[in-house]
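In the text below, chain A, chain B and the rest are named by the order of the sequence lines, each starting its count at 1.
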Number of protein chains: 2
Amino acid sequence: MNIGEVAIKSGLPAKTIRYYEDIGLIRPDRHDNGYRLFRQTHLHQLMFVARARSLGFSIDDCRVLLALYDDDSRASAQVKALAQDHLAQIDAKIAGLRAMRDTLADLVDACHGDSRPDCPILKDLAAKHHG
Amino acid sequence: MNIGEVAIKSGLPAKTIRYYEDIGLIRPDRHDNGYRLFRQTHLHQLMFVARARSLGFSIDDCRVLLALYDDDSRASAQVKALAQDHLAQIDAKIAGLRAMRDTLADLVDACHGDSRPDCPILKDLAAKHHG
DNA sequence: ATAGGCATTCCAGTTACTGGAAGCTCAACC
DNA sequence: GGTTGAGCTTCCAGTAACTGGAATGCCTAT
C-alpha cells in the first residue's frame with residue numbers, strides 16, 4: 001500500500017503518518033522508487049496508535065504500548081499501570097477544567113452583558129488573588 | 001521594581017514576564033543600566049494576566065481583555081461574549097475528556113493486571129474502530 | 001578585588017502535528 | 001511521444017506558551 005491508502009484506512013492524515021515515521025514510531029518499507037510501502041502490520045500499528053491517541057495517550061505512551069503489544073510475554077499489569085497513570089492525569093485535568101469552568105460560569109452569569117462598561121468579569125480579573 | 005520583585009508579587013516566573021514583554025503583552029520601562037523597571041500599572045497588568053491565564057484564557061484573549069479593561073467606554077457585552085466563547089470551549093474539552101475517561105476506566109476495570117499477558121486494554125487498541 | 005546574587009540576551013527544546021514549496025513518479029489521454 | 005494531473009518525496013517553518021541553560025553584565029558587601 002502507498003501512504004494515501006493507509007491514510008484512508010487508518011483515518012490518519014498522510015502528513016501525520018510521515019511524521020510518525022520521522023520519530024521512529026513506525027518503520028514502513030520502501031519501494032524502489034522511494035515511495036513508502038506499507039504492509040498489513042504497518043496498517044495495524046497505525047490503527048492501534050490512532051486509537052490510543054484518541055484515548056489521550058501520548059506518543060511516548062504509544063511507543064510503550066506498541067512494544068507491549070508486540071511482546072507476547074508481557075504482564076498485563078504493565079499495561080494496566082500505564083493506563084491507570086494516564087487515567088489519573090485525565091482525572092486531574094478534568095478537575096482543573098471543572099474548577100475553571102465553575103468560576104468562569106459564575107462570572108459570566110454575573111455580567112449583564114449590555115452596552116454599559118461595568119463588568120464583574122473584568123473586576124474579578126483585576127482583583128488581587130493572593131494566596 | 002525589578003523583575004524579581006514583580007515576579008514574587010505577581011506569582012509569575014521572571015522568565016514568563018520577560019516572555020510577556022517579548023510578545024508585546026506588557027511594556028515595562030527600563031533603568032539606565034538596562035534592567036527592566038516595573039511600575040504599579042505593570043504589576044497590575046501582570047496580576048490581571050496571571051488570573052486570566054489561570055481561568056484558561058489564551059494569551060491573545062488576554063491581550064483583548066487588557067485592552068477592554070483599559071477602555072472605559074467598553075461594553076460589558078464584549079467581555080461577556082469573549083468569556084462565553086471560552087466557556088463553551090472549556091465545556092467541549094471537558095466533554096471530550098470525560099468520554100475518554102469513561103472508555104479508559106472501563107478498560108482499566110476489565111484488565112486483571114497480573115503477570116499474565118492477556119489484556120483487554122491492548123485488545124481494544126488493536127481492534128478495528130471503524131466509523 | 002572578589003564573591004554572591006540578580007539582571008541581561010540569545011538559542012534551543014518542549015508536544016504533536018500542520019502548511020507550504022520545490023520537485024519526482026506514475027497512469028492516462030491525445 | 002508529450003503533457004496533464006494526482007500522488008508521492010523531502011525539507012523548512014510555524015503553532016502555544018513557555019522553560020532551561022549558557023555566556024555575560026551589574027550591584028552590593030566584605
Side-chain angles (χ1 to χ4, degrees), chain A residues 1-39 42-43 45-46 48-66 85-86 89-90 93 96-97 100, chain B residues 1-39 42-43 45-46 48-66 85-86 89-90 93 96-97 100:
Chain A
M1 287 176 284
N2 282 348
I3 199 168
E5 196 178 340
V6 275
I8 287 167
K9 287 186 177 164
S10 68
L12 292 168
K15 272 261 170 182
T16 299
I17 297 172
R18 286 192 198 101
Y19 169 70
Y20 286 169
E21 187 190 10
D22 261 15
I23 62 171
L25 194 57
I26 49 157
R27 306 198 178 280
D29 297 329
R30 292 279 173 159
H31 287 283
D32 285 344
N33 63 9
Y35 284 21
R36 288 169 183 81
L37 167 56
F38 295 86
R39 307 190 188 279
H42 299 127
L43 176 55
Q45 290 170 348
L46 285 171
F48 183 102
V49 169
R51 172 67 173 163
R53 294 283 303 123
S54 81
L55 292 177
F57 286 102
S58 72
I59 295 281
D60 273 353
D61 286 342
C62 290
R63 270 183 225 280
V64 175
L65 288 169
L66 277 175
D85 243 53
H86 179 46
Q89 281 174 31
I90 290 177
K93 192 171 272 185
L97 283 173
M100 260 185 202
Chain B
M1 287 177 284
N2 282 347
I3 199 167
E5 195 177 341
V6 275
I8 287 166
K9 287 186 177 164
S10 68
L12 292 168
K15 271 260 169 185
T16 299
I17 296 172
R18 286 193 197 101
Y19 170 71
Y20 286 169
E21 186 190 10
D22 261 16
I23 61 172
L25 194 56
I26 50 159
R27 307 199 177 279
D29 297 329
R30 291 279 172 158
H31 287 283
D32 285 345
N33 63 8
Y35 284 20
R36 288 168 184 80
L37 166 57
F38 294 87
R39 307 188 188 279
H42 299 126
L43 176 56
Q45 289 171 348
L46 285 171
F48 184 100
V49 169
R51 172 69 173 162
R53 294 283 303 123
S54 81
L55 291 178
F57 285 103
S58 72
I59 294 280
D60 274 352
D61 286 342
C62 290
R63 271 183 223 282
V64 175
L65 288 169
L66 277 175
D85 243 53
H86 179 46
Q89 281 174 31
I90 291 179
K93 191 171 273 185
L97 283 173
M100 262 185 201

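If you check every strand for non-hydrogen atoms under 4.0 Å, B/Ile23 touches nothing. Across all strands, A/Arg36 comes closer than 4.0 Å only to sugar-phosphate atoms, never to a base (heavy-atom distances).
The minimum heavy-atom distance between A/Pro28 and A/Phe38, with the atom names listed, is CB-CE2, 3.7 Å.
In this entry the distance linking OH of B/Tyr19 with C1' of D/dA16 reads 6 Å, nearest Å. The separation between B/Lys93 atom NZ and D/dA16 atom C1' is 11 Å, rounded to whole Å. Computed from coordinates, the A/Ile3 CD1 to D/dT9 C1' distance equals 10 Å when rounded to whole Å. Rounded to whole angstrom, the span from the NZ atom of B/Lys15 across to the C1' atom of D/dA16 amounts to 17 Å. We find that CZ of A/Phe57 is positioned 13 Å from P of C/dA16, with the value rounded to whole Å. Rounded to an integer number of Å, the gap from CD1 of A/Ile17 to C1' of D/dC8 is 13 Å. Counting to the nearest Å, the C1' atom of C/dT15 and the CG atom of A/Leu25 are 14 Å from each other. The CG-P distance, from A/Asp22 to C/dG19, rounds to 17 Å in whole Å.
Along DNA chain D, the nucleotide closest to A/Tyr35 and the one closest to A/Glu21 are compared, and the more 5′ of them pairs with A/Tyr35.
Residue A/Thr16 places at least one side-chain N or O closer than 4.0 Å to OP1 or OP2 of C/dT18. Considering only side-chain N and O atoms, A/Arg18 lies nowhere under 4.0 angstrom from the phosphate OP1 or OP2 of D/dT10. Distances shorter than 4.0 Å separate none of the side-chain N or O atoms of A/Asn33 from OP1 or OP2 on C/dC24. Contact check, A/Arg30 against D/dT10: a side-chain N or O comes under 4.0 Å of OP1 or OP2. In terms of phosphate contacts, B/Arg53 brings a side-chain nitrogen or oxygen within less than 4.0 Å of OP1 or OP2 of D/dC18. At D/dC18, one or more side-chain N or O atoms of B/Tyr20 fall inside 4.0 Å of OP1 or OP2 (strictly under the cut-off).
One N or O on the side chain of A/Asn33 and one on the backbone of A/Tyr35 form a donor-acceptor pair closer than 3.5 Å.
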Intermediate values then yes/no, side chain to side chain contact (heavy atoms under 4.5 Å, CB included), B/His42 and B/Arg39:
CA-CA 5 Å; B/His42 299 126; B/Arg39 307 188 188 279; 3.7 Å; yes

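Taken from CG in B/Leu25 to CD1 in B/Ile17, the straight-line distance is 11.0 Å, to the nearest 0.5 Å.
Other residues, nucleotides and ligands contribute over 12 non-hydrogen atoms within 6.0 Å of the CZ atom of B/Arg30.
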